[in-house]
Each structure stands twice: as structure tokens, then as C-alpha cells.
Amino acid sequence: MDLTDRPRRLRADGVRSLVRETRLSPSDFVVPIFVDATTDERRLIESMPGHERVPVEQAAERVREITATGVEAVILFGVPESKDSEGSRADAEDGVVQRATRRVKAETDAYVLTDLCLCEYTDHGHCGMLEEGADDDAHLTVRNDETLERYASIAQSHAAAGADMIAPSGMMDGQVGVIREGLDAAGFEGVPVMAYAAKYESAFYGPFRDAADGAPAFGDRRHYQMDPANSREAAREVALDVEQGADALMVKPALPYLDVVRDVRDGFDLPVAAYNVSGEYAMLHAAAEKGWLDLDAVARESLLSIKRAGADLIITYFGERVARTL
Ligand code: PBG
């Protein structure tokens, strides 16, 4: 046998790192933080080991723990003191995310993204305003255009509090354009929008809904989030967000949707983010707890794979942990 092609030559120890195509760096990561207006002490989130709900007063301290690992960016989620049908705490000047953003910007060097949605703020747990009489029958409808007005107002209040980037996650049609207009009209033309451009209706969000207390009280999100079966539709969703002025494009979840990450990378030239979601985090922790997987190794391999698929940045609960090992 005459073997001329021997890929193993480049797998020797001295040369592996010279030919490595993908590298992780702490500056690739954005770490989510849950700020909770209903607590005055840090509370562990059971299904997300290593993550807590933190009171506003401790948000900056929590961010400093993260930046100490080399990670430079965080994304804030809020649990409000009260909820109602319109999510009126979502755009309150003294709302939980607004207060936390002010403190984190004043007391740390972190780059602060804010998640913009209504599901944590509405008593029904949906991401927008409901049709009169909506219930869990198949006709449950979130009113698209009325919801957009709320989103624009929330975006303005986040920017006014000092948010560096706004990330709308509600999957209403036209949300990026309306938020962009709202920000510009309020003098925030320098604040970028990261579109949750292809966000699927995924069962991997389970632990997050405990963490942020945002589970729908009835029904599900299939009438606004995308069908996991569709990838051509993702290209269409992303193109709409680009037309509407998105500055960066997100695919969510990450690991089960790496084909979509790759398609967005190849089809568009804006930065691509992937959200390594709560369920992706929880399942590795659960397996590691049983002794079935090596947590650091699978966490690093997951993030490396997401980057290899084409993500420029990764929103991940593993950010601190993996950054420490790099
Ligand atoms: C709010 C939102 C969700 C997540 C991020 N923003 C929940 C949902 O859409 O139900 C999920 C994040 C995660 O699972 O880590 N719309």
C-alpha cells in the first residue's frame, strides 16, 4: 500500500496548534445575568448550577466576577417586582433592568446588552400583548403591532439607562425596524440592535423559564417563535432583520441548530451570534453530575463547535467557567 496522504502528520503535538482552525477566547463570550427585583439576596437557580438570581444591589458585583475571568460582555434579564397584562414594568424608568444597567455601567467596565422581551413582565407570560379573550385554545394570538409599540418604548428605556446594545427576543414581525426607529428618534442612533433573528420554539429553554420566571401561563410560543423543522424560513427571517437595520444576527438555540448558524454565516456578512441556551447548559451539568461526562471538556468542545460552525460570538452560561480554562 502506498500512502501519500497522511493527515496524521499534522496531529503531532508540536504542530497541532499551528494548524488549528478555530480558537476560543474569553472575548467571544457574553454571559447572561438574571437580576431579580423580588429578592434582596442572591438565589441559586436549581436547574442552572453556577447561576443565580441577583438583586439589583449586587448586579455590579456579579458582573465583576464575570469580567475577572476575561469575559467582557454580559446580557441582562430582569425579574420584575410585579406583572400585569401589558408588562408595564418592562419600560419603567425604575424597572429592574434599567436600575441594574445604570449600576453596572457606573461601577464596571463591562459591555452591557439587554434582552428586550415582555414574557418576564406579563402576568400571562407571553412575549407580547394578547388578543381579548385569548386562552389556551389553538387561536391564542399575540397582537403583533400593538406589541411593537411596547418594544420601542422598552428599547428607549434600556438605552436611556445606558445599555450598550439591545437584543430583542420576542419574535414579533417588524420588531427590529420599529426598535431601530424608536432608538433613533430618542437620540440613540449609536446603540446597536442584535436581532434574535432565527429564534426557534425550542424545548431547550426550560431551565431559563425557571430562572427568569417567564413561562407562558397557558399555551406555548409556536405562533411567534420559529418551527424547529424549518431552515429556509430562517434565511427569510434573517433577511428581514437585515433590511430593518439589525447590526448583528443571532441564532438560538445553538447546538441543535448549527446548520442554521452555518447558513447565516455563509449568507450574510453581519456578525453572527449563537445562543447556547439554558437546556444545552443544564443537560451537560446533569450528565456530569452523574459522572457520565467531563464537564469542562464537553463545555469547551460545545463552544468550539459553535464557533467552528460560524458564530463570531456566543451567549453562554458556560462563559466564566470556560474562560478560566483558556
Ligand atoms: C425571552 C427569552 C427566552 C430565552 C431568552 N430570552 C425564553 C423564551 O423565549 O421562552 C431563553 C434563553 C435560554 O433558554 O437560555 N423571550
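Whatever order the structure lists them in is the order used to number ligands and atoms, beginning at 1. Values reported hereafter were calculated over all heavy atoms of this structure, with side chains retained and with hydrogens, waters and symmetry mates removed.
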Determine, using heavy atoms of [X] and all atoms of ligand 1, whether some pair is separated by less than 4.0 Å.
X: G170; value: no
X: Q225; value: yes
X: F77; value: yes

* Record the part of Y281 in heavy-atom contact with ligand 1 below 4.0 Å; permitted values are side chain, backbone, both and neither. => neither
* Where on S278 is there a heavy atom closer than 4.0 Å to ligand 1, on the side chain, on the backbone, on both, or on neither? ->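 For S278, the contact with ligand 1 is made by both the backbone and the side chain.
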For [atom], find the nearest protein heavy atom and state the residue, atom name and distance (0.1 Å precision).
atom: atom 15 (O) of ligand 1; result: Y317 OH, 2.6 Å
atom: atom 9 (O) of ligand 1; result: K199 NZ, 2.7 Å
atom: atom 5 (C) of ligand 1; result: K252 NZ, 2.5 Å
atom: atom 10 (O) of ligand 1; result: R209 NH2, 2.6 Å

* Asked: When you measure from the side chain of D247 to the backbone N and O of V193, does any donor-acceptor pair fall under 3.5 Å?
  -> yes
* **Residue E46 excluded, over 12 heavy atoms near CD under 6.0 Å** => no
* **D263 and R232 ion-paired at < 4.0 Å** =>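 So D263 does not pair with R232 through a salt bridge.
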* To do: Using the six-membered ring wherever Trp is involved, compare the ring planes of F34 and Y317 and label them parallel, tilted or perpendicular (cut-offs 30° and 60°).
  =>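 Correct class here is parallel.
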What are the atoms of ligand 1, with element, lying closer than 4.0 Å to any heavy atom of [X]?
X: C119; value: 1 (C), 16 (N)
X: D115; value: 6 (N)
X: Y275; value: 12 (C), 15 (O)
X: R221; value: 8 (C), 9 (O), 10 (O)

* Asked: For the rings on F29 and F318, is their centre-to-centre separation under 6.0 Å?
  -> no
* List the steps and the verdict of salt bridge (charged side-chain N to carboxylate O under 4.0 Å, His left out) for E65 and R62. => CA-CA 5 Å; E65 293 166 10; R62 174 74 191 110; 2.9 Å; yes
* Asked: Is the NZ or CZ atom of K199 positioned over Y275's six-membered ring, under 6.0 angstrom from the centre and within 45° of the axis?
  ->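 Judged by the rule (NZ or CZ under 6.0 Å from the ring centre, within 45° of its axis), K199 is not positioned above Y275.
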* Asked: Can you tell me how far CE of M194 sits from CD1 of I75, rounded to the nearest 0.5 angstrom?
  -> 7.0 Å
* Asked: In a check of side-chain hydrogen bond (donor to acceptor under 3.5 Å, both in side chains) between D91 and each of Q156, Q98, R150, H158, which one passes?
  ->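 When Q156, Q98, R150, H158 are each tested with D91, the side-chain hydrogen bond (donor to acceptor under 3.5 Å, both in side chains) holds only for R150.
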